[in-house]
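Structure first, commentary second.
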Amino acid sequence: MARFRNQSALPGFGLASGIMMTVLSIVVILPIVALLARGGQIGAGQLWSDINSPRVWAALALSFRVAFLAAVFNLGFGLMLAWVLSRYEFPGRRLIDAAVDLPFALPTAVAGIALTALYAPNGALGSIAAEMGVKVAYTPLGIWIALVFVGLPFVVRTVQPVIAELDREVEEASATLGAGRARTFWRVILPTLSPALLTGFALALARGVGEYGSVIFIAGNLPQVTEIAPLLIVIRLEEFNYDGAVAIAIAMLAISFTMLLAINLVQVLNRRKYGNA
Amino acid sequence: MVDLVLSPADPSRLAKPARRPAGRSVTSEPVWLRITLICLSLALLTVLLFAPLLAVFAQALQEGIGSALESLADPDAHSAIRLTLITAAFAVPLNAVFGLAAAWAIAKFDFRGKAFLITLIDLPFSVSPVVAGLCFVLLFGANSGIGGWFVANGIPIVFAVPGIVLATMFVTFPFVARELIPIMEEQGRAEEEAALTLGASGWRMFRTVTLPNVRWALLYGVLLCNARAMGEFGAVAVVSGRIRGETTTMPLMIEMFYNEYMPVAAFTLAALLALLGLVTLAAKSLLEWRHGGELAAAARRH
């Protein structure tokens, strides 16, 4: 232990790290190892043939595509919301600020049935959309709305503290040097915010890809059209096709991991380019 | 260039900044743009956040408050509420103890592999709840080695309450630890070391120095953890087996009622959970406004 950690006068390292490692092992490490071990048992060939069917590809493509589009929308909307909430004064600002966390506090199943009631063809907003010839619920558009809902707070909450710490003098300097407000925003403010924006984007994307509760009600769950990957895992389990479920789960983990790695790489390059932390 | 000579003493020039409308500084947007952005934000929030929230209560009360309350008397609804409370009563304190232990070890001691450990603690946030549920089924299912042993000893884990608690702990795992680690790192070791120097025992130091220092952050983490624990759907749906009246939590019962075309019952249970969410949100905002300084992590979380 002495080699492993620097000596400290405080007691309790053994007890605290013991509790930590025990709970961490039972709750997180062992279950994930069990999944990967099962994947190893099944073997790469069988995993691939379980994944390589039109229905699985369609589900994976749908999950990642819609999650990406929802995260892109939340990137813009979240930036606008964070800017409005931290820079402008208007009545009810604090209330709105608190309400942004609603998707974190509202259970996903509750959000799911509420969005469905609202956006179904006979719902309050769905009927307006139907008049304009747009079908929302039971289409990929409905899934997109559910994922925008669950991912909404991520970008706002990662960007807000960075906006609060922005140095106004830098903006003043930019204005003094003759830049208009728009140019200052694109060339000075946005680069400073971009690491936080990307972090929020990655969190919203990861959440959206794995989301289940809020989506299954509004999706309609038509195979190859509106069937998301997590739902297909549940269906495979209900068919007692455990190997099929494991294959989809491992594919999801692999794609998510690659995506997050790519985003981290962009972050590193970004940091190198602008030299900020 | 000529201006330079004139301007410092010329009050009329100081009072009138060139070509800029009154009340607007160079570091803000024109008024029309500000109003547009505020209105656009409010409109989108109304459609995406407030309308669904209202819809829950409107649907629950569509046949009057009487039939809403009546639907809560259903024995299935009762057992769902009870199971959700039991689940949270196990999962939240266990995660709080874990969070305290993890924060103590990570924030107050230096050791190798810390960053990796923090990554592991954060892992549940980037794993789909359904995949998490699947992991528990594979590890503790009756067909697995460990699961088979538990079943043989009369303690089934999957399709029973222990599995629901474990799956709930997985999805709420990072909440308390992530809230405590930064705040305890910031507070350093000096106060604890002083307590020890003055002769306090380890437990006394923890109770009288550490715990009071982090109490608001702990409460904050527990609140978020509890809201998620009571509302978890995907992970619990997979491990619970959805046995009506036995392993059906409130969110699962909502789904059952909804699929059985009992909208009032579904939305009334949903309204209960939504109320819990609103109370959580209010308490959380209160903590942020009152004790923002002791929640340095609040702004950086998630």
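Reckoned from all heavy atoms, side chains included, excluding hydrogens, waters and symmetry mates. Below, chain A is the first sequence line, B the second, and so on; all start at residue 1.
Residue with the most contacts toward chain A among B:Ala55, B:Ala227, B:Gly277, B:Pro52: B:Pro52 (heavy-atom pairs, distance under 4.5 Å). Note on A:Ile248, A:Val246, A:Leu231: by heavy-atom pairs under 4.5 Å with chain B, the leading option is A:Val246. Contact count against chain B (heavy-atom pairs under 4.5 Å) is highest for A:Ile113 among A:Ile113, A:Leu85, A:Val209, A:Ile233. Your options are A:Leu115, A:Val84, A:Ile250, and the one with the most heavy-atom pairs under 4.5 Å with chain B is A:Val84. In terms of heavy-atom pairs under 4.5 angstrom with chain A, the leader among B:Ala282, B:Ala167, B:Cys135 is B:Cys135. Heavy-atom pairs under 4.5 Å with chain A were tallied for B:Leu166, B:Leu196, B:Thr280; the largest tally goes to B:Leu196. Ranked by heavy-atom pairs under 4.5 Å with chain B, the first of A:Gln160, A:Arg94, A:Met252 is A:Arg94. The candidate from A:Ala16, A:Gly12, A:Ala34 with the greatest count of non-hydrogen atom pairs under 4.5 Å with chain B is A:Ala16. When each of A:Pro31, A:Ala105, A:Pro107 is scored by its heavy-atom pairs under 4.5 Å with chain B, the top score falls to A:Pro31.
When heavy atoms are compared at a cutoff of 4.5 Å, A:Phe257 does not approach chain B at all. Proximity to chain A is limited to the side chain of B:Leu123, based on heavy atoms less than 4.5 angstrom apart. Heavy-atom distances place the side chain of A:Arg87, and not its backbone, under 4.5 Å from chain B. Contact annotation for B:Leu120: both backbone and side-chain heavy atoms come within less than 4.5 Å of a heavy atom of chain A. Contact annotation for A:Leu260: only side-chain heavy atoms (C-beta onward) come within less than 4.5 Å of a heavy atom of chain B. Only the side chain of B:Leu278 comes within contact range of chain A, with at least one heavy atom under 4.5 Å from a heavy atom of that chain. With a 4.5 Å cut-off on non-hydrogen atoms, B:Pro251 touches chain A through its backbone and its side chain both. Only the side chain of B:Leu53 comes within contact range of chain A, with heavy atoms under 4.5 Å apart. Looking at B:Phe206, there are no atoms closer than 4.5 Å to chain A (heavy atoms on both sides), in backbone or side chain. Neither the backbone nor the side chain of B:Val279 comes within contact range of chain A; no heavy atoms are under 4.5 Å apart. Looking at A:Ile29, only its side chain comes within 4.5 Å of chain B, counting heavy atoms on both sides. Proximity to chain A involves both the backbone and the side chain of B:Phe170, based on heavy atoms less than 4.5 angstrom apart. Both the backbone and the side chain of A:Leu102 come within contact range of chain B, with heavy atoms under 4.5 Å apart. Residue A:Ile32 touches chain B through both its backbone and its side chain, counting heavy-atom pairs closer than 4.5 Å. With a threshold of 4.5 angstrom between heavy atoms, B:Glu193 approaches chain A through its backbone and through its side chain. Residue B:Met250 does not touch chain A at all, counting heavy-atom pairs closer than 4.5 Å. Only the side chain of A:Leu237 comes within less than 4.5 Å of a heavy atom in chain B; its backbone stays farther off. If you measure heavy-atom distances from B:Leu223 to chain A, you find no contacts under 4.5 Å at all. Using a 4.5 Å cut-off between heavy atoms, A:Phe185 makes no contact with chain B at all. In this structure, chain B has no heavy atom under 4.5 Å from any part of A:Ile189. Both the backbone and the side chain of B:Leu48 have a heavy atom closer than 4.5 Å to some heavy atom of chain A. Using a 4.5 Å cut-off between heavy atoms, B:Ile106 touches chain A through its side chain atoms alone.
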Would you please test B:Phe125 and A:Leu203 for side chain to side chain contact (heavy atoms under 4.5 Å, CB included) and show each step?
-> CA-CA 8 Å; B:Phe125 273 163; A:Leu203 288 169; 5.7 Å; no
Which is it for A:Glu89 and B:Arg34 under the side chain to side chain contact (heavy atoms under 4.5 Å, CB included) test, yes or no, and what are the steps along the way?
-> CA-CA 10 Å; A:Glu89 278 296 335; B:Arg34 272 188 272 175; over 6 Å; no
Could you go through the side chain to side chain contact (heavy atoms under 4.5 Å, CB included) check for B:Tyr258 and A:Thr116 one step at a time?
-> CA-CA 11 Å; B:Tyr258 188 83; A:Thr116 312; 3.3 Å; yes
Starting from the C-alpha separation in whole Å, work towards a yes-or-no answer on side chain to side chain contact (heavy atoms under 4.5 Å, CB included) for B:Trp104 and A:Leu10.
-> CA-CA 10 Å; B:Trp104 181 256; A:Leu10 296 183; 4.1 Å; yes
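For the pair B:Phe136 and A:Val27, the tightest heavy-atom approach, listed with the atom from each and the gap, is CZ-O, 3.3 Å. In this structure, B:Leu49 and A:Pro103 approach most closely via the heavy-atom pair CD2-CG, 3.5 Å. Among all heavy-atom pairs drawn from A:Ala117 and B:Phe267, the shortest one is CB-CZ, 3.8 Å. The two residues B:Ser128 and A:Gly210 have their closest heavy-atom pair at OG-O, 2.8 Å. The shortest non-hydrogen separation linking B:Leu281 to A:Ala99 is CD2-CA, 4.4 Å. The shortest non-hydrogen separation linking A:Tyr88 to B:Ile38 is CD1-CG1, 3.7 Å.
Between the CE atom in A:Met80 and the CG atom in B:Leu40 there is a gap of 4.0 Å [rounded to 0.5 Å]. Atom-to-atom distance recorded for A:Phe13:CZ and B:Lys108:NZ is 14.0 Å, nearest 0.5 angstrom. Taking CG from A:Leu95 and OG from B:Ser285, the interatomic distance works out to 8.5 Å, rounded to the nearest 0.5 Å.
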Can you give each donor-acceptor pair under 3.5 Å made by side-chain atoms of residues 231-238 of chain B, sequence neighbours left out, with the distance rounded to 0.1 Å?
unit_1	atom_1	unit_2	atom_2	d
B:Glu232	OE1	B:Arg228	NE	3.3
B:Glu232	OE1	B:Arg228	NH2	3.1
B:Glu232	OE2	B:Gly234	N	3.2
B:Glu232	OE2	B:Ala235	N	3.0

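Between B:Val131 and A:Tyr212 the shortest side-chain heavy-atom distance does not fall below 4.5 Å. Residues B:Leu269 and A:Val110 have side chains not in contact (no heavy-atom distance under 4.5 Å, counting atoms from C-beta outward). Put simply, the side chain of A:Val23 reaches to within 4.5 Å of the side chain of B:Met169, judged on heavy atoms. A:Phe73 has its side chain within reach of B:Leu44: a pair of non-hydrogen atoms, C-beta onward, lies under 4.5 Å apart. Between B:Ser126 and A:Arg207 there is no side-chain heavy-atom pair separated by less than 4.5 Å. Side-chain contact check for A:Trp83 versus B:Glu29: some heavy-atom pair is nearer than 4.5 Å.
By the neighbour-count criterion of 12 heavy atoms within 6.0 Å, atom CZ of B:Phe50 is densely surrounded, having more than that number from other residues, nucleotides or ligands. Summarising the local packing, CD of A:Glu238 is surrounded by more than 12 heavy atoms from other residues, nucleotides or ligands at distances under 6.0 Å.
Residues passing the ring pair (Phe, Tyr, Trp, His ring centres under 6.0 Å) test with B:Phe257, sequence neighbours excluded: none.
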